[in-house]
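Everything on this sheet refers to the single structure shown next.
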Amino acid sequence: MTLSTRVYTKLLQVPEGKVTTYGDLAKAVGLENGQRAIGTIMKKNPFPGIVPCHRVVKSDGKIGGFVYGERVKLQMLVKEGIKIKDGKIIDFAKEKFYF
DNA sequence: CGGCTGGCGTCGT
DNA sequence: TACGACGCCAGCC
């Protein structure tokens, strides 16, 4: 059970229509300040299509990056019911999922 | 093993 | 509000 495995597991707990942040995900797996590590792990995602890495956004409500392009990530989130305006989540706090 | 990088976060200007 | 500088931690070279 590596760190990345735990991250993916936690991420799978995020339901459709909800999102989480890199920082929160880091804390969820035991890292208080491992936000960047989470980014690296997402990029190295061994289960694309299984792990919803598009539900992970920046703490200020912005989308952040995405392997297949930020526009794609944005559209996926919108399809799940999350409202996005100018690359930022509207009711971010409300859509946020707490572990 | 040492150093650099990156889908970030936070604080200061 | 916007931009730059540091700090953080797991990978990669």
Side-chain angles (χ1 to χ4, degrees):
Chain A
M1 184 65 113
T2 62
L3 175 75
S4 52
T5 303
R6 276 182 290 166
V7 172
Y8 301 131
T9 301
K10 283 291 179 183
L11 192 49
L12 288 174
Q13 290 175 37
V14 180
E16 200 174 284
K18 287 284 184 181
V19 297
T20 188
T21 68
Y22 293 93
D24 278 4
L25 204 47
K27 293 186 68 173
V29 296
L31 297 176
E32 290 295 317
N33 303 96
Q35 318 90 332
R36 309 205 59 176
I38 300 299
T40 302
I41 293 171
M42 290 298 109
K43 191 168 62 175
K44 288 298 174 185
N45 188 348
F47 315 110
I50 298 178
V51 178
C53 50
H54 61 280
R55 288 182 195 151
V56 185
V57 300
K58 302 197 5 175
S59 66
D60 59 1
K62 289 182 187 173
I63 300 307
F66 192 53
V67 181
Y68 306 122
E70 297 178 32
R71 335 172 308 282
V72 179
K73 180 173 181 176
L74 188 150
Q75 290 306 315
M76 293 176 83
L77 292 172
V78 172
K79 280 179 63 176
E80 294 185 5
I82 297 174
K83 312 295 182 296
I84 300 178
K85 172 73 172 178
D86 295 323
K88 296 169 300 252
I89 295 178
I90 306 289
D91 295 309
F92 180 48
K94 198 172 65 175
E95 307 294 359
K96 195 155 173 277
F97 175 72
Y98 290 88
F99 292 105

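Any value given below was found using the heavy atoms of this structure, including those in side chains, with hydrogens, waters and symmetry copies removed. Chain naming here is simple, since letters A, B, ... match the order of the sequence lines and numbering starts at 1 in each.
For the pair A:Asn45 CG and C:dA10 P, the interatomic distance rounds to 18 Å; values are reported in whole Å. Taking atom CG of residue A:Asp86 and atom C1' of nucleotide C:dA2, one finds them 15 Å apart after rounding to whole Å. Distance A:Glu32 CD to C:dA10 P: 13 Å, rounded to the nearest Å. At whole-Å resolution of the value, CG in A:Leu31 and C1' in C:dG7 are 14 Å apart. At whole-Å resolution of the value, NZ in A:Lys96 and C1' in B:dG9 are 13 Å apart. Rounded to an integer number of Å, the gap from A:Leu74 CG to B:dG7 C1' is 14 Å. Between A:Ile38 atom CD1 and B:dT5 atom C1' the separation is 16 Å, expressed in whole Å. Straight-line distance from the CD1 atom of A:Ile41 to the C1' atom of B:dT5: 14 Å, rounded to whole Å.
Both A:Thr2 and A:Arg36 lie close to DNA chain C; mapped to their nearest nucleotides by heavy-atom distance, the more 5′-ward contact belongs to A:Arg36. Take the nearest nucleotide of DNA chain C for A:Asn33 and for A:Thr40: the residue whose nucleotide is more 5' is A:Asn33.
In this structure, the side chains of A:Val29 and A:Phe99 stay at 4.5 Å or more apart for every pair of heavy atoms. Inter-residue side-chain proximity for A:Val67 and A:Asn45 is flagged as unmet; no heavy-atom pair is nearer than 4.5 Å. Taking the side chain as every heavy atom from C-beta outward, A:Tyr22 and A:Lys27 never approach each other to under 4.5 Å. The side-chain heavy atoms of A:Lys96 and A:Asp24, taken from C-beta on, include a pair separated by under 4.5 Å. The side-chain heavy atoms of A:Arg55 and A:Lys18, taken from C-beta on, include no pair separated by under 4.5 Å.
In this structure, A:Lys44 reaches the sugar-phosphate backbone alone: every heavy-atom distance under 4.0 Å involves primed, P, OP1 or OP2 atoms, never a base. Backbone-only contact: A:Gly34 has heavy atoms under 4.0 Å from sugar-phosphate atoms and none from a base.
Set against B:dG9, C:dG7, B:dG7, the side chain of A:Lys43 has B:dG7 as its closest nucleotide. Side-chain atoms of A:Gln35 lie closest to B:dC8 of the nucleotides B:dC8, C:dA10, B:dT10. The side chain of A:Met42 has B:dG7 as its nearest neighbour among B:dG7, C:dA10, B:dG9. With C:dC8, C:dC12, B:dG9 as the choices, the nucleotide that has an atom nearest any side-chain atom of A:Ser59 turns out to be B:dG9. Distance from the side chain of A:Lys58 is smallest for B:dC8 among the nucleotides B:dC8, B:dT10, B:dG7.
For B:dG9, its base never sits under 3.5 Å from the side chain of A:Tyr22 at any donor and acceptor pair.
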Nucleotide pairing, DNA chain C (Watson-Crick or G-U, distances under 3.5 Å), in dot-bracket with [ ] and |: .||||||.|||||
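What you find for A:Cys53 and A:Leu11 is that their closest heavy atoms are CA-CD2, 3.8 Å. Looking at every heavy atom in both residues, A:Ile82 comes nearest to A:Gly17 through CG1-O, 3.6 Å. Listed here is the closest heavy atom pair of A:Pro52 and A:Leu12: CD-CD2, 3.7 Å.
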